[in-house]
Amino acid sequence: MIKGLYEAHLPVSNLDRSITFYKKLDLEIAYQNDKLAFFWIDKGISWIGLWETNHVDIPYHPSIRHLALRIDIGEMVSAKEWLNSKGIDIRTTFNFTEGQQPLVLDNDPQAHAAIYFDDPDGNVLELIAPLRLDFAERFGEMSLEDGYSRNTD
């Protein structure tokens, strides 16, 4: 019955500023009014809703202010440069510096490559690509470069 995720929503404090930021990610506006903008992630398949609200000051927690966007693994190697070229800083996470990212997440038994960044309101965005499903052993988080050298892909 369930075919995929159609929409997700994030709070923003200034819709115009957020629209400018999300356009930098090459996302297309699907719908907009005074307090809401929807951007297509995959046109006709999934979108993200940005709601202008005064509830943005809720402390960050991945369960309420986090969105992971799937990309192809071949694009992960250039993701950091792509973000930086748009003036978007990489978020240090899991004790990994910007230089050590993208990183590999050990979500036993899955392995994913990921890189993190913030939108203007501190909502955490993630570019993520599956490396391997049903991985046979735990290996811990590491940089993608180290992951390739260990042949985890």
Side-chain angles (χ1 to χ4, degrees), residues 1-133 135 141-144 147 153:
M1 184 118 165
I2 296 174
K3 305 292 188 235
L5 181 66
Y6 189 80
E7 67 185 22
H9 302 269
L10 292 173
V12 300
S13 63
N14 181 306
L15 189 59
D16 290 335
R17 179 181 69 176
S18 293
I19 287 170
T20 299
F21 176 84
Y22 282 84
K23 281 182 175 179
K24 281 193 222 178
L25 300 175
D26 300 329
L27 298 179
E28 175 189 346
I29 291 182
Y31 171 81
Q32 179 181 351
N33 68 29
D34 291 347
K35 298 292 181 186
L36 168 66
F38 278 100
F39 279 89
W40 287 118
I41 302 299
D42 189 358
K43 194 168 188 172
I45 305 293
S46 62
W47 61 9
I48 177 177
L50 305 176
W51 294 81
E52 186 172 278
T53 178
N54 59 0
H55 296 288
V56 175
D57 294 330
I58 299 168
Y60 168 75
H61 187 275
S63 67
I64 56 173
R65 298 189 54 208
H66 174 83
L67 183 66
L69 303 167
R70 183 179 43 84
I71 67 171
D72 292 331
I73 189 59
E75 295 173 315
M76 187 60 72
V77 174
S78 62
K80 179 173 27 179
E81 290 78 20
W82 181 77
L83 290 167
N84 288 161
S85 75
K86 296 174 176 298
I88 300 171
D89 294 327
I90 305 308
R91 184 181 221 271
T92 57
T93 190
F94 299 108
N95 296 317
F96 283 81
T97 66
E98 180 174 342
Q100 294 172 304
Q101 293 190 55
L103 57 101
V104 175
L105 302 170
D106 177 15
N107 301 117
D108 184 30
Q110 279 65 242
H112 295 85
I115 192 164
Y116 296 83
F117 57 102
D118 294 339
D119 80 358
D121 288 294
N123 294 308
V124 177
L125 304 177
E126 173 184 5
L127 300 179
I128 190 167
L131 285 172
R132 182 179 280 179
L133 303 180
F135 198 71
E141 278 75 31
M142 66 183 81
S143 70
L144 182 59
D153 62 345

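Among all heavy-atom pairs drawn from S13 and V56, the shortest one is N-CG2, 3.4 Å. Contact between L50 and S18 at its shortest, heavy atoms only, is CD1-CB, 4.1 Å. Here the closest non-hydrogen pair linking D72 and A129 is C-CB, 4.1 Å. Across all non-hydrogen atoms, the minimal contact from Y22 to L10 is OH-CD1, 3.5 Å. The nearest pair of heavy atoms linking L127 to A79 is CD1-CB, 4.0 Å. V104 approaches A111 most closely through the heavy-atom pair CG1-CB, 4.5 Å.
At least one side-chain heavy atom of R65 sits under 4.5 Å from a side-chain heavy atom of P11. Side-chain contact between H112 and I128 is present, with at least one heavy-atom pair separated by less than 4.5 Å. Using a 4.5 Å heavy-atom threshold, the side chains of D119 and L67 count as separate.
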Check: Could you go step by step and tell me if Q101 and I115 meet the side-chain contact (heavy atoms from CB on, under 4.5 Å) rule?
Finding: CA-CA 6 Å; Q101 293 190 55; I115 192 164; 3.7 Å; yes
Next item on the list: Kindly determine whether W47 and Y6 satisfy ring pair (Phe, Tyr, Trp, His ring centres under 6.0 Å), including the steps that lead there.
Entry: CA-CA 6 Å; W47 61 9; Y6 189 80; 5.4 Å; yes
Next item on the list: Just do the salt bridge (charged side-chain N to carboxylate O under 4.0 Å, His left out) check on R17 and D121 with the steps written out, would you?
Entry: CA-CA 10 Å; R17 179 181 69 176; D121 288 294; 2.9 Å; yes
Next item on the list: Report the C-alpha distance between E7 and F38 in whole Å, list the side-chain angles of each, state the deciding distance to 0.1 Å, and finish with yes or no for side-chain contact (heavy atoms from CB on, under 4.5 Å).
Entry: CA-CA 9 Å; E7 67 185 22; F38 278 100; 3.8 Å; yes
Next item on the list: Apply side-chain contact (heavy atoms from CB on, under 4.5 Å) to the pair I88 and D118, showing each step before the final yes or no.
Entry: CA-CA 8 Å; I88 300 171; D118 294 339; over 6 Å; no
Note to self: Checking L83 against K80 for the side-chain contact (heavy atoms from CB on, under 4.5 Å) test, could you report, in this order, the C-alpha distance in whole Å, the side-chain angles of both residues, the deciding distance, and whether it holds?
What the structure shows: CA-CA 5 Å; L83 290 167; K80 179 173 27 179; 5.9 Å; no
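The CD atom of E126 sits 11.0 Å away from atom CZ of R91, with the distance rounded to the nearest 0.5 Å. Interatomic distance, L5 CG to R70 CZ, rounded to the nearest 0.5 Å: 11.0 Å. The line from CD1 of I73 to CD1 of I71 is 7.0 Å long, rounded to the nearest 0.5 Å. One finds the NZ atom of K86 at 7.5 Å from the CG atom of L25 (value rounded to the nearest 0.5 Å). Going from atom CD of E81 over to atom CD1 of I90 covers 8.5 Å, rounded to the nearest 0.5 Å. Atom CG of L69 and atom CD1 of I48 lie 7.0 Å apart (nearest 0.5 Å).
Remark: N95 CG is loosely packed, at most 12 non-hydrogen atoms of other residues, nucleotides or ligands lying under 6.0 Å away. Enclosure of atom NZ in K23 is not indicated, since only 12 or fewer non-hydrogen atoms of other residues, nucleotides or ligands lie within 6.0 angstrom.
Between H9 and W51, the two ring planes are tilted [angle within 30° to 60°].
With no hydrogens or angles considered, no side-chain donor-acceptor pair links E28 and W40 at under 3.5 Å.
Remark: side-chain polar atoms of D42 are not paired, donor with acceptor, to backbone N or O of I45 under 3.5 angstrom.
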